[in-house]
Amino acid sequence: MIAPVLSVQRLSVRIGAARILDDVSLAVPAGGTLGVVGESGCGKSTLLRAILGILPRGAEVPGGAVLFGGRDILADGGASARGRIGFVPQDPYLSLNPVFRAGDQILEIMRRHAPGTRRDHRARLVELFRAVQLPEPEAALAKYPHQFSGGQRQRLLIAAALCCDPALLVADEPTTALDVTTQREILALLQGLAAARGLALLFVTHDFGVLASLCESVTVLYAGRVAESGPTRDVLDDPRHPYTRMLLACHPDRATALAGIPGTVPAATAQPDGCRFHPRCPLARGDCALDVPQPVLHRGRVIACPYHAEALPEVALA
Amino acid sequence: MTALRHILRDPVATFGLLLVLAAVVVALFAPWLAPYPDDAFESHLLQRLRAPSAEFPFGTDNLGRDILSRVILGTRDALTVALAVVGAAIAIGVPVGLLAGWREGWLAETLMRVTDVFLAVPQLILALALGQLMAPGIGTAMVALALTYWPFFARTVFAETRRLRGALFVDALAGIGAHPARILLLHVLPNAAPAILVRATIGMGFTILTAALLGFLGVGAAPPSPDWGLMVSEARQHLPEAWWFPTFPGLAILLLVLGFNLLGDGLRDAADPRLRRSRGH
């Protein structure tokens, strides 16, 4: 196996009484792509923030490590990873400060983290603008963020994420704020750039289509814990954790009758004991409410459910 | 610069800008422009209440002073008062808005509730009350006006800070260890600058009007200072014979307030094209 460029090891994050992440582990191999899926509120954003070293004020990390290039980012406040992890945000509108020129804001990052003179930085940025297919790359340097369209702004932010030649690109649903045609272009662009530069990708998404086309492996989060992880094809074709199975049944491409999962994701302040999915799970039984399910290895993937081999009752999938 | 170009394209806003600029020039060179600069305080009882003529274009008042000179000399006071009041209101309102917008919890709640209380008090009533409590005078009037005007700036800056607090560029700045003061002053405040500028411009006009009103009611500037509101007030006893006595100071108030309001409207249009009035330009 290729050494992971990023590896999150048994990470837990708390904000006050809220247990946002609990014992989450995942790894992105160098040059590989990992997708993270889960419902809103399952801790995806907090996971990304921990990786980027921008956890909100008041967040505590009672345990775990985020290793990037073999060093713990959490321990040194992200200093060792700075400039080596690029971030493509979900919302392209308020990610850049509206009162400064877009080019200047990216050049400022480069001055902090990239070697070379200002002239080098400008030349490299124009080249990057060209690589992300921004129209009129030279003129774009002098424009303000509001002078770009939504799709162009996302390209701009991809250029910003790439400006210091990172080893890993972290993307937080980079296409949800865009229309469908633009989504496809941006995804193709990301895929092409990652392949051309040997970048590793960590991709947070709701969209199984995106997952299937872009990610080699997937980690499914539920209520701050990993429910299931493994190669994307295997997980999508034969999901084993009851949550993954029901989640996939909710997807309109994969089911004739649209299914749902009864109940909602528990609030982070009121997580149930034992398996966090048990109140919504059709396979739940007595001990599910008592013991935290230990992850089991099953044909190359990790499943946090001891009853993953059992069939779901028909009603649950209908 | 683009804002200036925008205003010059708008004839109404340009008119406002010209009125304001004219007032500034008159204020700066008042002692040289006024035909009788000493008439601010000196009375000439032999030439009282003369009608406008070549010698006294705006006529003379009840103490024989040249009204043109007094209107010119009063421009300086009017602008100084307005600048001081708006400046003080910004100095209070902007930090309150930034702090309340950035922090959450009891401090922000307290600051904004205090702001609401001040917003709820009518300006004139507070000014009149303060005038009774302290010695009536232009200083008291200015304190009262500043005390009632800062909440507008606090609200504006608060809203912008709250909107941007969750923005990614703010998180990124915090992530690389930027001090909150740096984030707020250098990165968040510039976003609110257009709104502050518009508010301040309209506030200038408003303050001049209210200060004149306080002078008229006798709790603002005291005689013999050449205050426009005071002049209109003094003229009441000589109406309708001496029509020129209240007319020219009144016109000065009208033009300067109009100028600031038109300029403020133009600035608002330049700052936010979405709010542009459908005036067909």
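Numbered from 1 within each chain, the chains take letters A, B, ... in sequence-line order.
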(message) Other residues, nucleotides and ligands only: do more than 12 of their heavy atoms fall within 6.0 Å of CZ on A:R10?
(response) no
(message) With a 4.5 Å cut-off on side-chain heavy atoms, are A:L94 and B:L164 touching?
(response) yes
(request) Give, as side chain, backbone, both or neither, the part of A:Y93 having an atom under 4.5 angstrom from any heavy atom of chain B. (result) neither
(message) Tell me whether B:R165 at atom CZ has more than 12 heavy atoms from other residues, nucleotides or ligands lying less than 6.0 Å away.
(response) yes
(message) If you count every heavy atom of other residues, nucleotides or ligands that lies below 6.0 Å from A:F100 atom CZ, does the total exceed 12?
(response) yes
(message) Report which part of B:L189 has an atom under 4.5 Å of a heavy atom belonging to chain A: side chain, backbone, both, or neither.
(response) neither
Name each donor-acceptor pair under 3.5 Å that joins a side chain in residues 193-214 of chain B to protein atoms two or more places apart or in another chain, with its distance.
residue, atom, partner, partner atom, Å
B:T201, OG1, B:L197, O, 2.7
B:T207, OG1, B:G203, O, 2.6
B:T210, OG1, B:F206, O, 2.7

(request) For A:E108, look at atom CD and say whether over 12 heavy atoms of other residues, nucleotides or ligands are found less than 6.0 Å away. (result) no
(request) Supply the atom-to-atom distance A:N97 CG to B:N191 CG, rounded to the nearest 0.5 angstrom. (result) 4.5 Å
(request) Sort out for me which residue in A:S95, A:P89, A:P145, A:P98 forms a side-chain contact (heavy atoms from CB on, under 4.5 Å) with B:F169. (result) A:P98
(message) Please give me the minimum heavy-atom distance between A:I54 and B:D171, naming the atom from each residue.
(response) CG2-O, 3.7 Å
